[in-house]
Each structure stands twice: as structure tokens, then as C-alpha cells.
Protein chains: 2
Amino acid sequence: MATIYDVARAAKVSLATVSAVVNGTAYVSPGLTTRVTAAIQKLGYQPNLLARSLAKQQTHTIGMIVPNIANPFWPEVVRGVEDAAHAAGYTLLMASSDDDRAKEALYLRLFLAKRVDGLLLTKAAGPLDPDLAAMLRTTRTPVVQLMRSSTALGGDKVLIDEREGSLAAVAHLLRLGYRRIGMINGLDQVSTSAQRLEGYRDALASWHVEFEAALVVRGDFRVESGHAAGLELLDRKPDAVFIANYLMTVGFMGALRARHLRCPDDIAVVTCDDHPWLDSFHPRLTTVNLPKYELGQAGARTLVERLEPGHPAGAKRARVVTLKTTLCLRDSCGCDLRRGAGA
Amino acid sequence: MATIYDVARAAKVSLATVSAVVNGTAYVSPGLTTRVTAAIQKLGYQPNLLARSLAKQQTHTIGMIVPNIANPFWPEVVRGVEDAAHAAGYTLLMASSDDDRAKEALYLRLFLAKRVDGLLLTKAAGPLDPDLAAMLRTTRTPVVQLMRSSTALGGDKVLIDEREGSLAAVAHLLRLGYRRIGMINGLDQVSTSAQRLEGYRDALASWHVEFEAALVVRGDFRVESGHAAGLELLDRKPDAVFIANYLMTVGFMGALRARHLRCPDDIAVVTCDDHPWLDSFHPRLTTVNLPKYELGQAGARTLVERLEPGHPAGAKRARVVTLKTTLCLRDSCGCDLRRGAGA
DNA sequence: CTGAAAGCGCTTACAG
DNA sequence: CTGAAAGCGCTTACAG
């Protein structure tokens, strides 16, 4: 690969001049400019961004850590990030933590060592290694928390109003007349799980339905856990169930089949996270639609704003943006069966 | 951040000594070693990988370009890549091309400028810019082609035997007695589309069913195109249809609803790409299961092998590995309805 | 076994 | 407006 030296030599100018025309960072006379661009053309010169990054102390790369890219919730979020990041001139380093703190720490250190300009983090279940928190602080690497909020970390956050979404979902079930509403929640020590539980409890409370601890069981966002949680929950004879994500709902449907139960006839289901294909297959799921793409997009934009000069970095206060959900009514809640029944 | 200079000064040794203990690249006496490690501890020194990369001409980063991470086919592939790459000490730069050649070229140049050690590329529809092909060659950046094979590019390939998968799918439909089998294929100028069509035609041929060009319509892998293609195809009264991916099948199901047709009662469907949730919703799709995770894993491993020394880079011939599909029988093909009917 | 020096390919004051 | 020089933070021959 040709270097800036080669170009300078070919154009018979100095390094600084080449750099100036490449970056448009200073006026260069038309004559020299054409000589330089010609040399660049001829040599096929492409600036080495590694060297540039080292010199400028800025990589134009952002690191993103999600729990698991293979969980269908995340790809759309990543796409939002990718589009917004790219539009602002940033590239994306990606990794999955599997909600494993050790893995998360590993990737975090790695990304820091690679000198990403900033991080988009969906905190793995549990606290953040204090070492890491300190490192984040001393390196002054901005991190915006995405989807999940950890108190171990300050800074910007882009979240979804899970409490309200869950409340709406459970209130809908209550309105339809269901009274033994189970819940399959996500991992403990994850902020969304706490918020969803809160929404669930608030809905029950406002309908004066007593909270029954045995009706909420915990999963880990994966299919198998939804299946296991479902079997456990079904023994307690709920008439409806609210599930924290799609993959666990898939598992729950398997549990239903194992018990020869039908949805929504025997039991109603409302779940979090909508997908284009839910319309086409039965039972058509009623869901709390989470704005995935917008989440990623807003996250990346927030990070970029924090990164770009012009915003006196230290001066700007932490920002937290909260996106709204919408309830997406279909068949699995038993709307059609129950309409009016609970009124 | 502390630099290697700071460590050297604190430990009262030279740079080379610090480098030697950090990298374990040469013997250092126990005394100096402890002094150095103590200094590293005390200063919280983390090597700057950017500087290292520049010096070593090696970033331990690989770039991956997929058509669209939000298409549910890709996340699992990315996960396979991520796991294998990370296991070998590589980080992943990711981008979606949207099957847009210009976007692909942009990302390719960017990744090259960032000096990725190698690339995992699922070629966007259409040829590769000759400039880019030349650049890939002169920089000697290994690229392994994933899922799709472009003749514009030599080198390693990790593919799926789409022809055989499609043949099995269509043969299954023929065996059940269907004779007017439509096809919704993917984008033109994409190798998988050609192979799937080939499998479709071969199946028809071996059953002595005449190929009817009007029965194969083209989509672009997205939901809307499956819907539009479906409406078009349904006018031609097929009794079964083979669809090239999941998203288009989702769109096709919408077209079925619009025409008040049921699957499999009125029309049978077999599609490519299996998912955990297909078991839980109706109609339960019969699919050609594509080994997504394995594809990504094999791709990353192939690339890493090409990258690691010990394998005389130039000497090793291009390798192409082809993964097998399996037919996953469920309800949408009408197995239950038709068993024996076509025999 | 250890250290001084050059080099990786850029950017950016600072003179002229 | 243009150029020589130092610096970004490492690695790696090469002496000693």
C-alpha cells in the first residue's frame, strides 16, 4: 500500500501538504492540489486509518455489547445503531455477552484497548466490575446504556418505558376478565425485569387483584427457560400469562402443547416484542411492541452527540431518553372470545 | 492512560523489557519481571492496541458484511462468526449492505482503510467493483465468501448446498402429489438464487414435470416482496409453492390471507431457513434447515486459518466448504393431508 | 539478558 | 501558503 510519504514524493511536496489536501484541513494552492490528487490517483493511495487514529487519538469506532445477537430482539436494534453510526461516520465493533459478566468484562476491556471512541452497552445481569467502572472513568470513554439501566454506571441512557408497556398489557388482560394472570419474567438483576414486574403489579393493584408471588416465575430470555417456566406456571392454573420476551413465549407455547392446552381458548397470552411474522401465524400474538430500531438509532445518536466536539463534553449533563411502547392487539389475548365478558 | 513509557520509567527498565514481559516474547529475569508487573499493576497499564496494530501491521480485527442483520437469517450466522472469531482472538467489525453494491463498496473500502486482517463477505447482488477487487488483491487481504459465491472473487468460500436442499424440498412436494409447484426465489444475480432454481428445476425434471417459467417469480428477500410475489403467483393457481427465505414466506402468508386461501388445505408451502419458533405457531412450516451458526463458525475458522502464520499463506490453495441442509417436515407441506395421495 | 534506536503511517504545531 | 520536525504508543532488529 502506498503511504503518505509515497504521495508526497510523487507530488514533490511535503507530508503536511498531502495531509492538508486529504483532510481539507488547510488551504493549498490549486497547483499543488492537482499535483497531490494526481499522485493519490496514480498510487491508489488510501490513508491508513490506524495511523490516523493513533495520531488523532480518535478511532471513529464505537463498541456495542448486546446480550445475544441471536435473540431476535437485538438484530433490529443493532441495525438502528449501525445506520445512525454510519451516517455519522462511525464503524461498529460488535459482541454478545450472553448476560455473562465475565464475558462482558472481557469485551469491554478489549474494546477499550482498541480505543473505541464510545460504547453502547446493554449491561449484562448483575453489577459492573468496579475496576472496569474506574477504567471507563479514567479513560473518559463515553458509554450510553441501551435498553437496560445499571446504577453502577452514570451517563446517558436510552431506554424503553417497560413499566408502562407491561401495565398496559396486564390491564388489557384484566379488562377482558382474566384474574389469575401469571408472568414469565426475564433475568433477575436486569432493570427491564424489575420494571416489567412493577407494571404487572401496578396493573393488578389498580384492579384490586391480589398479587400472588407464586404466579410469577423467572426465565433467562431463552426458549428453554420459557418452556420450563411455563410447565411450572401451568401447574398453578393461571387463566392468562404475560411473558417478557418472544423467545420465552416460544418456549411457553411448547409447554402449552405438552399440557394439551390451547391459546387463547384455555389460556391467554400477551408478550413483549413484536415481529413482522406474528401476523401470519396462529395463535396471532398480542404484544407490547418495543421500538427496537428507534432504540438503536437513538442510542447511537446520543453517543455520537456526546462524542462530537461543539458539545463541551464535560459540560453536557447526562441525558436519559425513554421510548414508548404500544400495545398490539391480536388473538392470543382472547379479545374475540372475551370481548365484554369482563365488563 | 499509562503508556509503556510510564511503565518502563516506573520499573526503571527499557521499553523493550516491558514489551517482552507484556508479550512474553523473550526471556526476562525474574527480578525485572516482578518490577515490571508491579509497575503495570500500579499504573493500571493496558497496552494500546492501536499502536500495537500499527507496529505489527496486524489488527486482529475482521470485517463482516452481510446483506441485512435485521433479516432473521443473519443473526445466527453472525453469532457463529463472533464465537469462532473471538475464540481465536479476533474482534468483529460488522455492517449491512442491503444488497446495495455502492453501500457494499463503501464498507469494504472503510474496512480496508481500517486495516482489518481479513473479511467475511456475503456478496451483494451483482458484480464486484473491479477497483475493489484490485485493492483486495494488492493489499493481500484474505476474504472468505460466506453463503454466496461470486466469481469476481477468488479465495475461500463457505457455502450451503442450496441446490440439494431445494431439490429435496421440491421433490418432497412432488412425492405428495403436487404438480403445479410455484417458486418465490430471491434476488437475481445472487448465487443462492441460481442454485435454488437449479434444485427446483432438477426436481421437476426427475419427476417429468414440465418447467413453467410463469410459476417462478422473483423477490428481494423482504416481507413486502414475498407478499407481492405471492399475489402474482396465486393468480396462476399453483397447488404448492417453494419459497427462498423466511421473510418472503411471511409476506406470502399475508397474500394467502388476502385471497382467503389456507395453508396447507388450499396450497402447500415449503420454505428455506428454519427457526425455533416455527414449531409453535400454525401453520407449522416445513423448511429446508440451513445450518446458520455452523456457516458463520466455519467461515470465521476458515478465515482465521488463512490469517494465522504456520500456514504458508500463499501456498495454501483456496478452500471451499459446503454445508448440507436437512429437510424439516411439519404441516405446511400438507404431509398429513396428502400422505400416500401422490403415490 | 537488557537497552538505545529506528520504524509503523499518520497529524499538528511551529517556523519560514 | 509550505516544509521540517516531533509526537501518537507500540514492536523489533541490533548491539552490548
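By convention in this document, chain letters (A, B, ...) are assigned in the order of the sequence lines, proteins followed by strands, and residues within each chain are numbered from 1.
C:dG3 and D:dC14 make up a base pair, with Watson-Crick or G-U wobble contacts both under 3.5 Å.
Dashed line: the shortest gap from a side-chain N or O of A:Gln57 to OP1 or OP2 of D:dG9 is under 4.0 Å. Side-chain N/O atoms of A:Ser14 include one lying less than 4.0 angstrom from OP1 or OP2 on D:dG3. Under 4.0 angstrom from either OP1 or OP2 of D:dG3 there lies no side-chain N or O belonging to A:Tyr5. OP1 or OP2 of D:dT11 has at least one side-chain nitrogen or oxygen of B:Asn23 nearer than 4.0 Å.
Between the side chains of B:Thr61 and B:Lys114, no donor-acceptor pair is found at a separation under 3.5 Å. Side chains of B:Thr17 and B:Ser14: a donor-acceptor N/O pair is present below 3.5 angstrom, by distance only.
Atom CZ in B:Arg52 sits about 19 Å away from atom P in D:dC8, given to the nearest Å. Rounded to whole Å, atom C1' of D:dG9 lies 18 Å from atom NZ of A:Lys56. Between the NZ atom of A:Lys12 and the C1' atom of D:dT2 there is a distance of 17 Å, rounded to whole Å. Atom C1' of nucleotide C:dC8 and atom CE of A:Met1 are separated by 14 Å, given to the nearest angstrom. Rounded to an integer number of Å, the gap from B:Arg9 CZ to C:dG3 P is 15 Å. D:dG9 atom P lies 18 Å from atom NZ of A:Lys114, rounded to whole Å. At whole-Å resolution of the value, CD in B:Gln46 and C1' in D:dC10 are 15 Å apart. One interatomic measurement links the two molecules: CD1 of B:Ile4 to C1' of D:dC8, which rounds to 14 Å at whole-angstrom precision.
The closest side-chain heavy-atom distance from A:Val77 to A:Met64 is below 4.5 Å. For the pair B:Ile69 and A:Met94, the minimum side-chain heavy-atom distance is 4.5 Å or more.
Nucleic acid contact class of B:Ser19 (heavy atoms, under 4.0 Å, all strands): base. Within 4.0 Å (heavy atoms only), B:Leu50 reaches no atom of the nucleic acid at all. A:Gln58 comes within 4.0 angstrom of nothing in the nucleic acid, heavy atoms only. Nucleic acid contact for B:Leu32: sugar-phosphate only, since backbone atoms but no base atoms lie under 4.0 Å from a heavy atom of the residue.
Each of A:Arg306, A:Arg319, A:Arg317, A:Arg301 was evaluated against A:Asp156; a single residue qualifies, A:Arg306, per the salt bridge (charged side-chain N to carboxylate O under 4.0 Å, His left out) test.
The side chain of A:Ser29 lies closest to D:dT2 when the candidates are D:dG9, C:dT12, D:dT2. Of all nucleotides listed (D:dC10, C:dA4, D:dA4), D:dA4 comes nearest to the side chain of A:Ala16. Among C:dC8, D:dC8, D:dG3, the nucleotide with an atom closest to any side-chain atom of A:Val13 is D:dG3. Relative to the side chain of A:Thr17, the nucleotides D:dT2, D:dC8, C:dC1 differ in distance, and D:dT2 lies closest. The side chain of B:Leu54 approaches C:dC8 more closely than any other nucleotide in the set D:dG7, C:dC8, D:dC10.
A salt bridge links A:Asp98 with B:Arg79; the closest basic N to acidic carboxylate O contact falls under 4.0 Å.
Place A:Leu15 and A:Tyr27 on DNA chain D by their nearest nucleotides, and A:Tyr27 ends up nearer the 5' end.
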